[in-house]
*Asks:* 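Next up is a structure, given as structure tokens.
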Amino acid sequence: TGSQTLTVNNGMDVLTCTATAPTVLSISPVNGATSVPLNTQVQAQFSVPMNRSTLSQLGNTAPATVFFWDSTTGKEIPGTISVDASGTIATITPSVVLPAGRLFYTYWSYAAPVQDACGNNLGGAEYYFYTDFSTNTTGPTLNGTSPVNGDTNIPLNGNASGGTPVVLQFSTPIDPI
């Protein structure tokens with residue numbers, strides 16, 4: 001009867017569903033971190049794309065799936081949660097500056113389950129960090145680079161993956177996600 005042509009710029013991903021539960025690959029701030037900035041965002045990187053609708057609300061009652069709280073006061077930290085374009089990184093942005101010198105927890109799959117795009121539940125996960133005792137307005141400094149500034153004749157195929165890596169060393173840890 002007719003035909004249709006589908007053109008997809010930059011390719012497309014086809015999701016193959018399995019029964020494997022998603023996992024948290026990394027969390028920032030790292031679990032147990034100390035001296036975390038008072039304006040920090042919490043980010044979780046998942047093993048597979050997540051169902052955005054299950055990561056849309058913070059709180060301790062369903063349908064909320066993620067609970068962010070101050071263990072000193074026992075109160076929830078207000079904020080928003082968003083998911084990046086890949087569906088694999090969720091970011092909690094507090095709507096308040098976190099109080100100094102306190103212990104904070106995030107619970108994932110708390111009152112209701114966080115799910116991946118295939119409907120598999122993330123098992124409950126708990127992470128904690130401590131805020132710094134004061135506001136730190138000093139950013140990191142660059143301590144070293146490789147190649148060094150001014151280097152010449154840097155090979156374009158310096159390693160097995162095809163190029164010479166650029167390495168930057170900072171004075172403090174940088175957000176890994």
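When reading the values below, keep in mind they use all heavy atoms of this one structure, side chains included, and skip hydrogens, waters and symmetry mates.
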*Asks:* Hey, can you pull the donor-acceptor pairs under 3.5 Å for the side chains in residues 116-125, sequence neighbours left out?
*Replies:*
{"unit_1": "D116", "atom_1": "OD1", "unit_2": "C118", "atom_2": "N", "d": "2.9"}
{"unit_1": "D116", "atom_1": "OD1", "unit_2": "G119", "atom_2": "N", "d": "3.0"}
{"unit_1": "D116", "atom_1": "OD1", "unit_2": "N120", "atom_2": "N", "d": "2.9"}
{"unit_1": "D116", "atom_1": "OD2", "unit_2": "N120", "atom_2": "ND2", "d": "3.1"}
{"unit_1": "N120", "atom_1": "ND2", "unit_2": "T18", "atom_2": "O", "d": "2.8"}
{"unit_1": "N120", "atom_1": "ND2", "unit_2": "T20", "atom_2": "O", "d": "3.2"}
{"unit_1": "N121", "atom_1": "OD1", "unit_2": "Q115", "atom_2": "NE2", "d": "2.9"}

*Asks:* Not counting sequence neighbours, which residues clear side chain to side chain contact (heavy atoms under 4.5 Å, CB included) with V96? List them please.
*Replies:* I77, P78
*Asks:* Tell me which pairs pass salt bridge (charged side-chain N to carboxylate O under 4.0 Å, His left out) where either residue lies in residues 44-64, with sequence neighbours left out.
*Replies:*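 Sorted pair list comes back empty.
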*Asks:* Please identify each residue that fulfils side chain to side chain contact (heavy atoms under 4.5 Å, CB included) with N143, with sequence neighbours left out.
*Replies:* T141, Q169, S171
*Asks:* Below 4.5 Å, heavy atoms only, C-beta onward: do E126 and T106 meet side chain to side chain?
*Replies:* no
*Asks:* Would you indicate whether N149, at its atom CG, is surrounded by more than 12 heavy atoms from other residues, nucleotides or ligands within a distance under 6.0 Å?
*Replies:*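 Result for CG/N149: open.
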*Asks:* Output the distance between atom CD1 (I81) and atom CG (L55), rounded to the nearest 0.5 Å.
*Replies:*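 Separation between the atoms: 5.0 Å.
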*Asks:* So Y105 and Y107, would you call those rings parallel, tilted or perpendicular, with 30° and 60° as cut-offs?
*Replies:*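 Ring orientation, 0 to 90° scale: parallel.
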*Asks:* Checking W69 now: which residues fulfil side chain to side chain donor-acceptor pair (under 3.5 Å) with it, not counting sequence neighbours?
*Replies:* none
*Asks:* Filter on side-chain hydrogen bond (donor to acceptor under 3.5 Å, both in side chains), then keep only pairs touching residues 71-89, sequence neighbours left out; what's left?
*Replies:*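 Those involving residues 71-89 are D84-S86, S86-T88.
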*Asks:* Please list, chain by chain and in numerical order, all residues satisfying ring pair (Phe, Tyr, Trp, His ring centres under 6.0 Å) with F104, sequence neighbours excluded.
*Replies:* F129
*Asks:* Judged by modelled atom types alone, do Q43 and S28 share a side-chain donor-acceptor pair under 3.5 Å?
*Replies:* no
*Asks:* Restricting to side chain to side chain donor-acceptor pair (under 3.5 Å), what partner residues turn up for S109, sequence neighbours left out?
*Replies:* none
*Asks:* Holding to side chain to side chain contact (heavy atoms under 4.5 Å, CB included), I want the full list of residues that pass it with S146, two or more places apart in sequence or in another chain.
*Replies:* V167
*Asks:* Who pairs with N60 by side chain to side chain donor-acceptor pair (under 3.5 Å), at least two apart in sequence or on another chain?
*Replies:*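 Scan of N60 (side chain to side chain donor-acceptor pair (under 3.5 Å), adjacent residues dropped) gives none.
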*Asks:* Show every salt bridge (charged side-chain N to carboxylate O under 4.0 Å, His left out) that has at least one partner inside residues 92-110, sequence neighbours left out.
*Replies:*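 Found D70-R102.
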*Asks:* To the nearest 0.5 Å, how far apart are OG1 in T23 and CZ in F46?
*Replies:* 9.5 Å
*Asks:* Checking T34 now: which residues fulfil side chain to side chain donor-acceptor pair (under 3.5 Å) with it, not counting sequence neighbours?
*Replies:* none
